[in-house]
Amino acid sequence: MQRYNFKTIERKWQKFWDANNFFKSEIDKNKKKFYCLEMFPYPSGKIHMGHVRNYTIGDVLSRFKKMQGFNVLHPMGWDSFGMPAENAARLNNLDPKTWTENNIAIMRGQLKLLGLSIDWDKEISTCSPEYYKHQQKFFLEMLNKGLVYRKENYVNWDPIDQTVLANEQVIDGKGWRSGAIVKRKKLNQWFFSISKFSEELLSGLDQLQQWPNKVKVMQRNWIGKSFGCEINFQIKGNDPVDNIKCFTTRPDTLFGLSFLALSVDHPVAKFYEKNANFIKFKNECSKTGTTEESIAQAEKIGFKTNLTAINPLDKNIQVPVYFANFVLMDYGFGAVFGCPAHDQRDLDFALKYELNVIPVVKPKDLLKPYQIEKEAYTGPGVIFNSNFLNGLKAPEESINETIKILEKKKIGIKKINFRLKDWGISRQRYWGCPIPIAYNKSGKIVKIPEEMLPIKLPEKIDLNTKGNPLDHHNTWKKIIINGEECTMETDTLDTFVDSSWYFLRFCSSKNNDYGFDYDDVNYWLPVDQYIGGIEHAILHLLYSRFFMQAIGYKNNKFNHTEPFRGLFTQGMVCHQTYKNDKNQWLSPDEVDSEDGKNYFIKKNPKSIIKVGPSESMSKSKKNTIDPTEMINSYGADAVRLFILSDSPPEKDIQWSDQGMISAYKFLQKFWRMHIEILSQIKEKKVGLELDDNTLSKFTNLILEKIEKNLNNFQYNVIVASFHEIYNFLSKQIKKDITFSVLLENYLKILKIMNPIIPHFTTECMENLGYNNKELFWPVLDKKHVVEARANIVVQINGKKRCLINTVINIDENNLITTIKDDPAIKKYLSEKKIKKTIYIKNKLINILI
RNA sequence: GCCCUCGUGGUGAAAUUGGUAGACACAAAGGACUUAAAAUCCUUGCCAUUUAUGGAGUGCCAGUUCGAGUCUGGCCGAGGGCACCA
């Protein structure tokens, strides 16, 4: 018997799809569209199992939607700017462009082996001038709309990568890529005014019903809206400083004021620049570092100024002003008022410097005398010790009432504050999109005129310089604009800018005049299903949402402001880790095991290996499995089948060789059954009515189930259903079935299986005489789903006692009569009176005795 | 500290949304076929005596209900996110 030869068959159908333009998508306003997008890859050189999982999930959905008659857009591109290219180029003495293009060629080939239903005509690459010239236009457009600005700012400086990082790219005080401890440095930087859209970005989340709640919560926290009040404190005497503004969410505790605390970067600090003790204190603060641990453990310290602030509600309350290490300049006004009784931080500070602790919120139902010791009281209660605020219910009543009073007295203003900060986009790097800006001799900003775009990166560049290579390229830096000699901006854009609009580009990937065409975008957008890793929950997704706001700002040409209607975040692919006796990582192909418990090095069977926990596949831990190797050994369909099996797509999956092999074996045994079915159909057997119906019923039930699971992303359950199909069919075909009924049902089953194992099923269908040029999802035949008989669970006092097979829709009295005759139940019912019965039609009966 | 998610056999997991717990697979054990191996097929969650038959059972403790893996409250544990955010 012939084995299933995946190598020739998979190639055959990939060519067929290609030749018939199977996955080309064009705008067709008579058809319902479906835009399926997976996060595009960085071209590192090789695809990894994470890609395989990501793109298989998207492919299954795309194929399913296409079969359902949707006009599907399923494109692919490359997130191809970024630092690894520069580093690799330096190592291998290549230029980043060549390195990147080679990688793309390799990875494109690898992805094609998977048989993905991608419209390769729409392929884009962010490092090509064809792409980034439009990005430069967006930059200028946004600049004209006042959404881009330049300012001198403290930045997060990564000393290894020699570049600036966005706040989001600093993780635990370390660079997200290099892992180096980030330093503070003052630089002139370009910013996107993302914070201008804080409110829109926050409220937009409510529309996103098909996003995981987890991601929405993370974004909400990130945007960090808080309601409060801006309060202006007068400074006593004739100091050069006469007032200090503070932001507070608890204006109702103002009578508990005992100090003001300022950030060391607060404008007031300029009066202390020459004070040796202040300099010392400032250094002390910066030493604390930015790591999570140090922040948590850092002691609250302060530097006392000679200023005295006056409580605006009561001029007799006068308090000292400190600089303090726990106040941040980039939130609120970089100044807070301290109310130690009701804020733990303030209390810690007050205890250290022996400042007043005045409680102003009293808990209800107080049992013992009320005294603040080492713990601040932050719960609800009633305001006291507070003159005209006394008696207000805190916090629900007191905050709003106090704000009203403060506004009336012109002391404070109601204010909403966001945690979200503007997005710093300048990077001191070569391999990124050049910023279309130059500076004239007097240092003024000059916009590059549109006809001069794109500003291309220079091809020949010396990468072996410190800092930004573009800065050392003297000919590139010189540019003449309107006859005036200028110097190019040498910073390039953060690569997150590239990925913030690529989903728009796919809609009009060939448009030369503009990044996209509004008609195209308004047809395809929003992306109906976006699929990718949870690691992009905040940055990439928030930036993309911002771009829609910014590009559509003041022109209202977009029909939708949210780019991604559905979001699915898939889990990681994990594998066990292995270490030798010297604590060095070992790759899975270096080790072997006979019992699945004890492992040894293949070359040295006596060696002992420590088996570590299963972790997400990474080069550094050497626990990777090469997808192309797997495709070559088992075929794309087997790999697709395995990567979807066992674990739900949103959870992590364990790679197992046994699992991979079992997926392969499944296809082989299904193929053997297929050959048998073929010969039965050729025989033109005419069978018995009963077995025909059993088959039709099964087919339609499994269709119903798989369709539901496709819509819910329960792909692991679908793979389980495939096994059920085999287990059922391999037995059923041994019975008498009319050949035409067998053909019809089997064809239906192959179509249902098509999105997951497309090559295999297409080949099988061709064997049956199907032409494969059109492929539609089978229609559920309800008459076969309706059962003639039902298995009813019989419970006595809530305990299952037996199953009874009866005709469908039997009424309760008839059922009880039948049950009383059943030998398995008789013994429970003998001479007992039935108190009550609960009957769920065709499902269950509970008899209480 | 705050927020979110999740606890089901040796393992990955299913469970029509309150109605037969453990589908489907992996592993292990036993069996069939075979001179033998591979491949293939069959059986097996736990306890009580054995296939029949009972019993317990979805992290723990209560509650609602005829009936709870599913709903409510409390506790324990794991994972993730945020954090001197005023």
Side-chain angles (χ1 to χ4, degrees), chain A residues 212-222 224-226 228-229 231 246-251 253 260-261 263 288 292 294-300 324-328 330-339 342-346 348-349 378 417-421 534 537-538 595-597 614 642 645-648 650-654 656-663 665-666 668-669 672 701 704-705 708-709 714 716-727 730 791-803 824 835-840 842-848:
Chain A
N213 199 39
K214 182 172 43 168
V215 175
K216 286 191 277 187
V217 168
M218 279 162 78
Q219 292 213 357
R220 259 183 217 120
N221 290 340
W222 192 263
K225 185 177 186 174
S226 54
C229 182
I231 298 176
C246 294
F247 173 73
T248 178
T249 53
R250 291 301 300 270
T253 62
L260 293 193
S263 158
T288 319
E292 192 179 318
S294 61
I295 286 170
Q297 288 171 1
E299 198 189 353
K300 279 148 199 60
N325 63 341
F326 62 87
V327 183
L328 308 172
D330 46 16
Y331 187 79
F333 300 100
V336 300
F337 83 71
C339 173
H342 306 294
D343 183 296
Q344 193 58 47
R345 258 175 344 192
D346 295 349
D348 293 345
F349 190 81
T378 53
N417 220 338
F418 291 93
R419 205 187 78 107
L420 183 66
K421 286 159 212 145
I534 185 76
I538 300 171
D595 54 6
K597 283 175 198 158
S614 187
F642 170 65
S645 66
D646 292 341
S647 292
E650 71 274 15
K651 283 179 91 176
D652 288 354
I653 186 173
Q654 304 295 320
S656 94
D657 294 338
Q658 285 87 357
M660 181 64 250
I661 292 166
S662 113
K665 283 182 184 167
F666 173 78
Q668 290 297 342
K669 72 181 181 186
R672 286 194 293 273
L701 282 174
E704 197 178 30
K705 190 174 165 190
K708 191 197 93 203
N709 289 328
Q714 283 186 293
N716 55 323
V717 185
I718 298 177
V719 177
S721 298
F722 283 13
H723 287 279
E724 280 179 72
I725 288 172
Y726 173 83
N727 292 343
S730 58
N791 285 322
I792 295 176
V793 177
V794 181
Q795 294 182 336
I796 309 286
N797 288 340
K799 267 195 180 159
K800 181 200 161 194
R801 288 304 173 185
C802 75
L803 269 178
K835 282 186 200 153
K836 194 184 173 187
T837 56
I838 294 112
Y839 176 46
I840 312 293
N842 299 325
K843 265 187 188 166
L844 174 143
I845 183 158
N846 191 3
I847 300 169
L848 306 181

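Predicted model only: the values in this text are computed from it and were never measured. Just so you know, these numbers use all the heavy atoms, side chains as well, and skip hydrogens, waters and symmetry mates.
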Short heteroatom pairs, N/O only, protein and nucleotides 62-71 of chain B, under 3.5 Å:
unit_1, atom_1, unit_2, atom_2, d
B:C66, O2', A:Asn846, ND2, 3.3
B:C66, O2, A:Asn846, ND2, 2.6

Could you please name the partner base of B:G69, counting Watson-Crick and G-U wobble pairs only when both distances are under 3.5 Å? none
Taking a pair as Watson-Crick or G-U wobble with both distances under 3.5 Å, which nucleotide is matched to B:A28? B:U44
Looking for any heavy atom pair under 4.0 Å, which part of the strands does A:Val217 touch: base, sugar-phosphate only, or nothing? sugar-phosphate
Residue whose closest nucleotide on RNA chain B lies nearer the 5' end, A:Ser656 versus A:Lys705: A:Lys705
Quick check for you: to the nearest 0.5 Å, what is the distance between A:Asn846 atom CG and A:Asn797 atom CG? 7.0 Å
Once you round it to whole Å, what is the distance between P of B:C3 and CD1 of A:Ile538? 18 Å
Proximal nucleotide (of B:A86, B:C24, B:A21) relative to the A:Glu724 side chain: B:C24
Could you give the distance separating B:U50 and B:A23 at their C1' atoms, to the nearest angstrom? 28 Å
Could you tell me whether A:Gln658 contacts a base, only the sugar-phosphate backbone, or nothing, with contacts defined as non-hydrogen atoms closer than 4.0 Å? sugar-phosphate
Before giving the answer on side chain to side chain contact (heavy atoms under 4.5 Å, CB included), spell out for A:Lys214 and A:Ile534 the whole-Å C-alpha distance, their side-chain angles and the decisive distance to 0.1 Å. CA-CA 9 Å; A:Lys214 182 172 43 168; A:Ile534 185 76; 3.8 Å; yes
Roughly how many Å apart are B:C24 and B:A14, using the C1' atom of each and rounding to a whole number? 8 Å
Look at the aromatic rings of A:Phe247 and A:Tyr331 and report parallel, tilted or perpendicular, splitting at 30° and 60°. perpendicular
Between B:A62 and B:A52, how far apart are the P atoms? Round to whole Å, please. 33 Å
Of the listed nucleotides (B:U20, B:C84, B:A86), which one gets closest to any side-chain atom of A:Lys800? B:U20
Heavy-atom distance under 4.5 Å between the side chains of A:Asn716 and A:Lys651, does that happen here? no
In this structure, how many angstroms lie between the P atom of B:A83 and the CE atom of A:Met218, rounded? 11 Å
Which whole number of Å gives the distance between the P atom of B:G77 and that of B:G22? 32 Å
Please compare A:Val719 and A:Gly332 by the position of their nearest nucleotide in RNA chain B and report the one closer to 5'. A:Val719
B:G9 glycosidic conformation (syn if within 90° of 0, otherwise anti) is syn
Within the 4.0 Å heavy-atom criterion, would you say A:Lys835 contacts the bases, only the backbone, or no part of the nucleic acid? nothing
Nucleotide of B:A83, B:C84, B:A14 approaching A:Phe326 most closely (side-chain heavy atoms): B:C84
Closest nucleotide among B:C41, B:C4, B:U20 to the A:Asn213 side chain: B:C4
Should B:U17 be called syn or anti, with syn set as within 90° of 0? syn
Between B:C85, B:A23, B:C26, which nucleotide gets closest to the side-chain atoms of A:Ser662? B:C26
Please tell me which of the listed nucleotides, B:A23, B:C85, B:G12, lies nearest to the side chain of A:Asp646? B:G12
Looking at A:Arg220, I'd like to know whether one of its side-chain N or O atoms comes within less than 4.0 Å of OP1 or OP2 on B:C82. no
Does A:Arg419 put a side-chain nitrogen or oxygen below 4.0 Å from OP1 or OP2 of B:C82? no
Base, sugar-phosphate, or nothing for A:Asn727, non-hydrogen atoms under 4.0 angstrom? sugar-phosphate
Quick check for you: among B:A86, B:C41, B:A14, whose closest atom lies nearest to any side-chain atom of A:Thr248? B:A86
Considering only atom C1', compute the distance from B:A78 to B:G59 and round it to an integer number of Å. 11 Å
Using a cut-off of strictly less than 4.0 Å, decide whether A:Asn417 has a side-chain nitrogen or oxygen near OP1 or OP2 of B:A86. no
Please evaluate the base of B:C4 for a donor-acceptor partner in the side chain of A:Lys214 within a cut-off of under 3.5 Å? no
Phosphate OP1/OP2 of B:A15 contacted by A:Gln714 side-chain N/O (<4.0 Å): yes
Rounded to the nearest angstrom, tell me the gap between atom NZ in A:Lys225 and atom C1' in B:C3. 18 Å
Does any nucleotide pair with B:U17 by Watson-Crick or G-U wobble geometry, both distances under 3.5 Å, and what is it? none
Are A:Ile845 and A:Ile838 side-chain neighbours, meaning at least one heavy-atom pair lies under 4.5 Å? no
Are any non-hydrogen side-chain atoms of A:Phe326 and A:Asp346 less than 4.5 angstrom apart? yes
B:G30 and B:A38: how far apart are their P atoms, nearest whole angstrom? 13 Å
Should A:Thr378 and A:Gln344 count as side-chain neighbours, where that means a heavy-atom distance under 4.5 Å? no
Identified pairing partner of B:C75, criterion: Watson-Crick or G-U wobble below 3.5 Å: B:G59
Is A:Asp343 reaching over with its side chain to a backbone N or O of A:Cys339, donor-acceptor style, under 3.5 angstrom? no
Nucleotide B:C84, atom P - distance to CZ of A:Arg345 in whole Å: 10 Å
Any strand, both distances under 3.5 Å, Watson-Crick or G-U wobble: B:U34 pairs with none
Could you tell me how far B:A68 sits from B:U72 if I compare only their C1' atoms? Round to whole Å. 11 Å
Check whether any side-chain N or O of A:Gln219 sits under 3.5 Å from a backbone N or O of A:Ala537 as a donor-acceptor pair, and report yes or no. yes
